[in-house]
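Since the structure is predicted, the reported quantities are computational estimates derived from the model, not experimental observations. Proteins come first, then strands; the chains are lettered A, B, ... in the order of their sequence lines, and each starts at number 1.
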There are 2 protein chains.
Amino acid sequence: MHAQAITSTAKPEVAHLTLCRGLERQAVSHVVAISSLCKRAAGETLFSEGEAADGAFEVVKGTLRLYKLLPDGRRQIVGFPAAGTLLGLAPEGAHVYSAEAVTDVTLCRYPRASFNRLVDSVPGLARRLWAVTADELRFAQDQLLLLGRKTAAEKVASFLLLLSDQQQSPTEVEVPMTRSDIGDYLGLTIETVSRTLTKLKRDKTIGLTSACRITLRDRDQLEALAAGEAATES
Amino acid sequence: MHAQAITSTAKPEVAHLTLCRGLERQAVSHVVAISSLCKRAAGETLFSEGEAADGAFEVVKGTLRLYKLLPDGRRQIVGFPAAGTLLGLAPEGAHVYSAEAVTDVTLCRYPRASFNRLVDSVPGLARRLWAVTADELRFAQDQLLLLGRKTAAEKVASFLLLLSDQQQSPTEVEVPMTRSDIGDYLGLTIETVSRTLTKLKRDKTIGLTSACRITLRDRDQLEALAAGEAATES
DNA sequence: CGACCGTTTGAGATCCTTCAATACCAGTGG
DNA sequence: CCACTGGTATTGAAGGATCTCAAACGGTCG
């Protein structure tokens with residue numbers, strides 16, 4: 001809980017970063033030239049909605065939460081970027097969401113000005129960034145379907161499968177975020193999240209080793225739920 | 001209701017299309033060269049989720065609805081693109097949502113292969129498309145907040161202001177879509193949409209000339225509602 | 001006029017929330 | 001070692017916003 005914001009200028013091992021995939025040797029060296037490492041302890045803020053966006057980031061290690069707030073404090077989390085995710089890419093002005101560290105995180109930072117020059121000078125980079133952003137858009141639209149039309153159980157099932165995908169672990173997932181984070185991501189309250197998990201446990205669809213460690217015992221059932229195949233089990 | 005799908009190869013007056021804004025004279029002529037006009041009557045399908053994406057479109061006239069379905073028929077509308085909107089831009093494979101005409105529509109179509117060549121050959125185009133997609137992403141994230149955390153009244157108020165913006169009409173909006181469309185856009189049922197509109201009318205916040213014609217009588221109140229400023233009026 | 005389709009309105013049910021209490025877990029200090 | 005504390009998670013009971021089901025209304029078209 002003790003805040004400790006470290007921003008080093010040490011060059012990350014940038015060659016295998018997401019931003020560099022598919023780039024030529026020389027282009028990669030340019031990316032390395034402008035990047036710097038940046039760390040945040042769990043709970044710390046990376047940037048806030050409305051602040052000037054002074055650059056882009058790539059998550060190297062750990063998990064962030066990105067969220068938007070309503071004036072009275074209602075919160076909607078729009079994503080939990082993990083290692084390999086680019087963020088803060090497009091905004092030509094202010095950040096459109098806030099970013100906090102869920103766990104201790106390491107990031108790679110690209111200052112706005114040099115990043116823009118890079119995009120102009122490296123052929124194909126704009127197109128790659130376009131593709132990345134288009135992927136995020138697709139993901140956001142899936143989330144629209146989830147928030148607008150799925151039930152609590154379907155939402156939670158979708159979320160567990162998302163974690164499973166992210167962690168490339170078909171049966172065992174780590175849940176670094178709190179129930180409150182999960183609720184604000186799925187448009188539910190913490191109580192509903194908790195109750196839904198308990199119900200899935202009773203049904204032997206999942207196992208709850210601890211609050212942050214979940215076993216996917218019946219992946220088929222979870223996938224049916226997440227897909228919305230109205231298979232209402234008694 | 002009688003289906004009538006016309007696809008002409010007549011060149012649209014493409015010079016002032018969204019895709020061309022900011023492009024040089026020669027580049028514009030290239031865009032013109034690959035584009036074709038395309039029309040759909042109200043209710044007709046432009047493409048369906050899962051189909052191969054054979055090109056991109058720009059709405060020239062009219063309104064579309066883009067939506068995703070769950071297996072049991074639950075529908076989430078992800079957007080109502082109107083004139084000036086580009087769509088089907090990014091997908092390297094299948095469409096990720098279905099598109100239908102809400103009103104009679106005119107579109108400009110860019111076939112995939114030539115469009116891709118264009119993106120590679122026109123400097124700055126990829127970057128522009130990236131910016132367009134980033135804008136859509138931002139919009140989708142606002143919609144996440146709406147679906148996940150706003151009340152029915154806040155959702156409807158946001159929707160009316162969106163229409164007002166789209167139509168650049170501060171007090172009078174045309175509602176071309178049905179209550180069912182609105183409900184599936186806001187994550188509500190048609191009954192709740194209708195009741196909410198009736199309540200806003202009783203409160204003299206809006207006027208309901210007819211089902212598809214709404215007067216914004218108290219824009220401040222609508223904006224306060226849409227922003228989520230928990231101003232619960234008696 | 002009468003049928004049709006979308007909208008509005010009403011009454012009751014439901015899912016999820018709210019409020020409140022209890023349980024759990026880790027860290028701290030006695 | 002164990003009680004205490006603070007924070008998070010779980011569980012319970014009651015309430016409410018929205019949904020479901022059903023009927024009435026209203027505009028359009030033949």
Distance check needed: C:dT9 P versus B:Leu197 CG, whole Å only. 10 Å
In whole Å, I'd like the distance from the NZ atom of A:Lys155 to the C1' atom of C:dC16. 9 Å
To the nearest Å, give me how far apart CG (B:Asp181) and C1' (C:dC5) are. 14 Å
List the protein contact pattern of nucleotides 13-30 of chain D with one symbol per nucleotide (5' to 3'): B for base contact, S for sugar-phosphate-only contact, - for none; contact means a heavy-atom distance under 4.0 Å. B----SSBB---------
May I have the distance from A:Ile182 (atom CD1) to D:dT10 (atom C1'), rounded to whole angstrom? 13 Å
Note: A:Leu147 and A:Lys155 closest approach over all heavy atoms is O-NZ, 3.9 Å
For atom NZ of A:Lys201 and atom C1' of D:dT11, their distance in whole Å: 13 Å
Does the side chain of A:Thr198 get closer than 4.0 angstrom to OP1 or OP2 of D:dT11 through an N or O atom? yes
Just how far, in rounded Å, is P of C:dC15 from CD of A:Glu154? 12 Å
When rounded to whole Å, the CZ to C1' distance for the pair A:Arg74 and C:dT18 reads 15 Å
For A:Ser180, all residues meeting side chain to side chain contact (heavy atoms under 4.5 Å, CB included), sequence neighbours excluded: A:Arg75, A:Thr178, A:Asp184, A:Ile190
How about A:Tyr185 and A:Phe159: are their ring centres within less than 6.0 Å of each other? yes
Do the charged groups of A:Lys199 and A:Asp203 touch, with an N to O distance under 4.0 Å? yes
Heavy-atom donor-acceptor pair, B:Gln167 side chain to B:Glu174 backbone, under 3.5 Å: yes
Nearest whole angstrom, please: distance from the C1' of C:dA23 to the CD1 of A:Ile190. 14 Å
Have a look at B:Ser194 and say if it touches a base, only the backbone sugar-phosphate, or nothing, with a 4.0 Å heavy-atom cut-off. base
Quick one: are A:Ile206 and A:Arg217 in side-chain contact, heavy atoms under 4.5 Å? no
